[in-house]
Amino acid sequence: MFTRTPVPQSIARKLQEMILSGDLKSGEKIPSQRELSEKFGISRASLREALLTLETIGLIKTEAGRGTFVVGAGANRTMSEWKFSDEHSLQEVFETRLVLEGEIAAFAAGRLSRDELAQLNELTSRMEQAWSGRDFLSNVEADLEFHDLIAQKCKNRMIAGLYNQVRELVTETQRQPIPITDPARMRASLSEHRAIVAALEAGDAEASRLAMRQHVTNTASCAGYDVA
């Protein structure tokens, strides 16, 4: 079934392509929101959401009173502000992920088909390729699909439902550390994904739980949080 890409995601991808191609250069101030919304024929709200996504993954940075600028690959990159701070801290969301995703992985162990396990491996490879090409949007999208697929196979529908309820916050915890993730951490993350797949394939619930919890713990640590 064909699924239409949401407008903000589509615009974020177009802007990322402009940055990667050099149409928007490192340190360059990007056009105003009015200009961009007219250029792409979209609402200001959709544009702001696209820009926020790009800022979260570290491709652009807004400076008060000056505007929004492209962030260079060699720049001193930092995580953006946590946009859900009025609801839950980033620490709390990582802690929730640790509990929920660990149990989801345990319940999903042995329940994925051969094709679904192959898809998880393919998504991990897609993450690796996207990272190599600095396509951070695709890297995060593949990561999200990886975790979503495992959640779909969780035999406890209530736990899977709880995961879906916090999906938007979970998505942000997967975007948030991207600006400060170095190549070594990404290689480790990919290895963690493969360890999760191996445990799921073996049908080992405890190994699946531990592999997922280790992955979430390490992701939180990269972002500066201790959830062990």
Side-chain angles (χ1 to χ4, degrees), residues 1 3 5 9 56-57 93-178 180-223 225-228:
M1 182 176 68
T3 302
T5 302
Q9 184 178 328
T56 301
I57 63 175
V93 181
F94 273 124
E95 289 171 346
T96 301
R97 280 191 64 187
L98 189 69
V99 173
L100 275 181
E101 293 196 62
E103 293 312 304
I104 283 171
F107 280 120
R111 296 177 59 85
L112 287 98
S113 68
R114 189 172 299 277
D115 285 346
E116 288 165 338
L117 290 165
Q119 186 178 350
L120 289 177
N121 282 319
E122 169 59 27
L123 287 168
T124 303
S125 295
R126 195 190 305 171
M127 284 180 64
E128 186 171 27
Q129 292 163 5
W131 181 265
S132 297
R134 293 188 68 236
D135 183 353
F136 301 136
L137 287 174
S138 291
N139 175 275
V140 172
E141 286 166 8
D143 193 16
L144 295 172
E145 285 186 50
F146 181 97
H147 290 268
D148 277 343
L149 180 53
I150 296 171
Q152 288 170 23
K153 305 308 292 185
C154 175
K155 67 181 179 183
N156 186 310
R157 291 178 297 172
M158 188 169 187
I159 290 178
L162 289 172
Y163 177 80
N164 287 331
Q165 287 180 33
V166 297
R167 192 68 191 81
E168 187 178 4
L169 283 80
V170 169
T171 295
E172 285 303 300
T173 65
Q174 287 165 288
R175 289 177 179 152
Q176 197 82 11
I178 289 292
I180 59 172
T181 299
D182 61 24
R185 171 56 203 149
M186 181 52 63
R187 287 193 296 271
S189 179
L190 295 168
S191 294
E192 291 157 13
H193 277 74
R194 294 185 175 107
I196 292 167
V197 177
L200 291 169
E201 185 174 13
D204 189 329
E206 184 59 21
S208 298
R209 178 187 291 111
L210 292 175
M212 181 63 80
R213 286 177 64 89
Q214 187 63 58
H215 173 59
V216 174
T217 297
N218 290 342
T219 302
S221 179
C222 175
Y225 295 89
D226 182 5
V227 296

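Keep in mind that this is a model prediction, so the values were computed, not measured.
The two residues Thr124 and Leu190 make their nearest non-hydrogen contact at O-CD2, 3.5 Å. In terms of heavy atoms, Val140 sits closest to Ile178 at CG2-CG1, 3.9 Å. Closest heavy-atom contact between Ala130 and Asn139: CB-N, 3.5 Å. Minimum heavy-atom separation, Cys222 to Pro177: SG-CB, 4.2 Å. The two atoms that bring Ala151 and Ala160 nearest to each other are O-CB, 3.8 Å, heavy atoms only. Nearest heavy-atom pair, Val227 versus Ala220, reported as atom, atom and distance to 0.1 Å: CG2-CB, 3.8 Å.
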Show the numbers, then the answer: is there a salt bridge (Lys or Arg N to Asp or Glu O under 4.0 Å) between Glu145 and Arg126? CA-CA 11 Å; Glu145 285 186 50; Arg126 195 190 305 171; 3.3 Å; yes
Using side chain to side chain contact (heavy atoms under 4.5 Å, CB included), reason through Ile196 and Ile150 one step at a time and then give a plain yes or no. CA-CA 10 Å; Ile196 292 167; Ile150 296 171; 4.0 Å; yes
Is there a side chain to side chain contact (heavy atoms under 4.5 Å, CB included) between Thr56 and Glu172 once you walk through the steps? CA-CA 8 Å; Thr56 301; Glu172 285 303 300; 3.7 Å; yes
Let's go through Glu201 and Arg194 carefully: what are the C-alpha distance in whole Å and the side-chain angles of both, what is the deciding distance for salt bridge (Lys or Arg N to Asp or Glu O under 4.0 Å) to 0.1 Å, and is it a yes or a no? CA-CA 10 Å; Glu201 185 174 13; Arg194 294 185 175 107; over 6 Å; no
Could you go through the side chain to side chain contact (heavy atoms under 4.5 Å, CB included) check for Arg97 and Gln174 one step at a time? CA-CA 11 Å; Arg97 280 191 64 187; Gln174 287 165 288; 3.6 Å; yes
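Residues Gln9 and Glu141 have side chains that bring a donor and an acceptor to within less than 3.5 angstrom of each other. Side chains of Thr171 and Arg167: a donor on one and an acceptor on the other come within 3.5 Å.
Looking at His215, Gln214, Arg187 one by one, the single match for side-chain hydrogen bond (donor to acceptor under 3.5 Å, both in side chains) with Glu192 turns out to be His215.
Between Glu101 and Arg209, no side-chain nitrogen of the basic residue sits less than 4.0 Å from a carboxylate oxygen of the acidic one, so the salt-bridge criterion is not met.
Two residues are said to be in side-chain contact when any heavy atoms from C-beta on lie closer than 4.5 Å; Arg185 and Asn218 meet this criterion.
The local environment of CD in Glu206 is crowded, with over 12 non-hydrogen atoms from other residues, nucleotides or ligands closer than 6.0 Å.
Between Phe94 and Tyr225, the two ring planes are tilted [angle within 30° to 60°]. Ring orientation note: the planes of His193 and His147 are nearly perpendicular, at an angle over 60° on the 30°/60° scale.
Remark: the backbone N or O of Val170 is paired with a side-chain donor or acceptor of Thr173 at under 3.5 angstrom.
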